[in-house]
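Working notes for the structure below.
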Number of protein chains: 2
Amino acid sequence: MEDQLLRLDNQVCFAVHAASRALDGVYRRELRDLGLTYPQYLVMLVLWEHRPGGADGRALSVKELGEALRLDSGTLSPLLKRLEAAGLVRRDRDRRDERSVLVGLTPQGAALRERAGRVPARIFAATGLDESEVRHLRQVLTRVTGALDGALLEPAAATGVPAR
Amino acid sequence: MEDQLLRLDNQVCFAVHAASRALDGVYRRELRDLGLTYPQYLVMLVLWEHRPGGADGRALSVKELGEALRLDSGTLSPLLKRLEAAGLVRRDRDRRDERSVLVGLTPQGAALRERAGRVPARIFAATGLDESEVRHLRQVLTRVTGALDGALLEPAAATGVPAR
DNA sequence: GACGATTAGATTGTGCGCAATTCAATTGCC
DNA sequence: GGCAATTGAATTGCGCACAATCTAATCGTC
C-alpha cells in the first residue's frame with residue numbers, strides 16, 4: 001500500500017516534468033517567428049506588464065526580474081544579453097545604485113507585444129483545458145511550488161514528526 | 001475580459017514551469033547522497049521497475065527508455081554515459097540488432113534501489129498534497145501533456161475551427 | 001571617515017533538453 | 001543479391017538552470 005502511494009508520487013512528479021517539457025515544445029513552435037524562447041518570452045511578459053502606458057515605463061532591475069520569475073543572475077545575465085543583442089531590451093546601470101542593472105524595453109521590444117498577443121490563445125487551445133480547470137490547476141501548482149520552496153529552507157529530513 | 005483569460009493562461013503555464021523547477025530543487029537535495037540528478041533517477045526508476053526479480057532482469061534499449069521518459073538520444077546518450085561512468089548501468093550492443101544499445105543495471109545500480117526507497121515519501125511530504133490531490137493532479141497533467149503533444153503534430157495554426 | 005558585512009551582477013562549470021546532422025545496421029523492394 | 005530507404009545511437013550546437021565563486025558598490029557600526 002505504501003508502495004502504491006510511492007509509485008503514485010513518482011508519477012505525479014514525472015507528470016509535472018513531462019507537462020513542463022511538452023508546454024515548452026508548443027511554446028517553441030508558437031514563439032519561433034518572434035525569435036523568442038519560452039524563458040525569454042516570460043521576461044518580455046514581465047517587462048510588458050510593468051509599463052502599461054506606452055511611453056517610457058519604469059525599468060526593472062535584474063533582481064526584481066529574478067524575483068518575479070524565480071530565476072537567479074546565473075540564468076538571467078546571459079539571457080538578458082541575448083535579448084539585448086536581439087535589440088529587444090536595454091541594460092543600464094542604475095545611477096542611484098551602481099550595483100543594480102535596470103532592464104527596459106527598446107521600441108522594438110515594446111512593439112513585439114502586439115505580435116505576441118495571439119500566443120496565449122493558441123497555447124490555451126493546445127492544452128485542451130477549460131477555464132475552470134486552468135484556474136484550479138494554477139491554484140494547486142502555485143500552492144505546491146510554495147510548499148516545495150518552503151521545504152527547501154528546512155534542514156533536510158523534516159518529512160514527518162519533529163525530533164522527540 | 002478575454003485579456004483576463006489570456007493572463008490566466010500565461011499564469012498557468014508559468015505555474016507548471018515553476019513547479020517543475022521547484023520539484024527539481026527538492027529532488028536535487030534528496031538525491032544528493034545517491035549521486036543522482038532527477039533525470040538520472042528517472043532512468044534508474046525505469047530500470048528498477050523492469051527487473052522486479054533480483055536476478056538478471058531484461059535490459060532496455062535506449063529507444064525504449066526514451067519512449068518511457070519522453071526523451072531522445074541527444075539527452076539520453078550522455079546521461080547514460082554518466083551513469084555508466086558512475087558504475088550504475090552497463091551499455092552493450094544488442095547482438096540481435098547491432099543498431100540497438102541495451103541498458104542494464106550493474107549490481108551497484110540494483111543495490112541503489114534500496115537506498116532510494118525513502119526518497120518518494122520525502123518528496124510527497126514536501127509537496128503538501130494529499131493522496132487524492134496527487135491523483136487528480138497527475139490525471140490532469142497527463143491529459144494536458146497528451147493534448148500538447150498532439151497539438152505539436154498538427155500543422156501549426158490549428159487553434160480553433162477547422163478550415164471551412 | 002574607515003572597515004567589515006552585505007548586496008547585485010557577472011562568470012564558470014556541470015547537466016538537462018532539443019534540433020539537426022552523421023553513421024552504421026537493418027529492412028524493403030526490385 | 002543489390003541498392004535505396006529506414007531505423008537506432010551518437011554527436012554537435014545552442015539555450016536554460018543552478019551551484020559556487022568573484023568583483024564592485026553600498027551599508028552599518030564604530
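Protein chains get the first letters and strands the later ones, always in sequence-line order, with residue 1 at the start of each.
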Could you tell me whether a side-chain N or O of B/Thr106 sits under 3.5 Å from a main-chain N or O of B/Gly109, the two making a donor and an acceptor?
yes
Toward the 5' end of DNA chain D, which comes first, A/Leu71 or A/Glu98, by nearest nucleotide?
A/Leu71
Quickly work out the [X] [atom1] to [N] [atom2] distance and round it to whole Å.
X       : N      : atom1 : atom2 : result
B/Leu80 : D/dT11 : CG    : P     : 12 Å
A/Lys81 : D/dC14 : NZ    : C1'   : 16 Å
B/Arg93 : C/dT26 : CZ    : P     : 10 Å
B/Leu60 : D/dA9  : CG    : C1'   : 16 Å
A/Glu67 : C/dG9  : CD    : P     : 9 Å
A/Arg99 : D/dA25 : CZ    : P     : 10 Å
A/Tyr38 : D/dA17 : OH    : P     : 10 Å
A/Asp72 : C/dT11 : CG    : C1'   : 12 Å

Winner on side-chain proximity to A/Asp97, out of D/dC18, D/dA10, D/dT26, is D/dT26
Under 4.0 Å, heavy atoms only, any strand: does [X] hit a base, just the sugar-phosphate, or nothing?
X        : answer
B/Ser100 : sugar-phosphate
A/Thr37  : sugar-phosphate
A/Leu76  : nothing
B/Thr75  : base

Hey, which of these two, A/Arg91 or A/Arg28, hits DNA chain C nearer its 5' end, going by closest nucleotide?
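That would be A/Arg91.
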By nearest nucleotide on DNA chain C, pick out whichever of A/Arg32 and A/Leu102 is the more 5' one.
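Mapping each residue to its closest nucleotide by heavy atoms, the 5'-most match is A/Leu102.
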Can you see if the side chain of A/Arg70 gets near the phosphate of D/dC18 - specifically, an N or O under 4.0 Å from OP1 or OP2?
yes
Between A/Ser61 and C/dA8, does any side-chain N or O lie under 4.0 Å from OP1 or OP2?
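It does not, given that no N or O in the side chain of A/Ser61 lies less than 4.0 Å from OP1 or OP2 of C/dA8.
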Which pair of non-hydrogen atoms, one from A/Ile123 and one from B/Cys13, has the smallest distance, and what is that distance?
CG2-SG, 3.7 Å
Minimal heavy-atom distance between B/Glu30 and B/Val119, with the atoms involved, is O-CG2, 4.1 Å
What is the distance from atom CG of A/Leu88 to atom CG of A/Leu80, rounded to the nearest 0.5 Å?
11.0 Å
Dump the intermediate steps for side chain to side chain contact (heavy atoms under 4.5 Å, CB included) on A/Val140 and A/His136, then the final yes or no.
CA-CA 6 Å; A/Val140 171; A/His136 183 248; 3.7 Å; yes
Do A/Ser73 and C/dA10 have a side chain to base donor-acceptor pair shorter than 3.5 Å?
yes
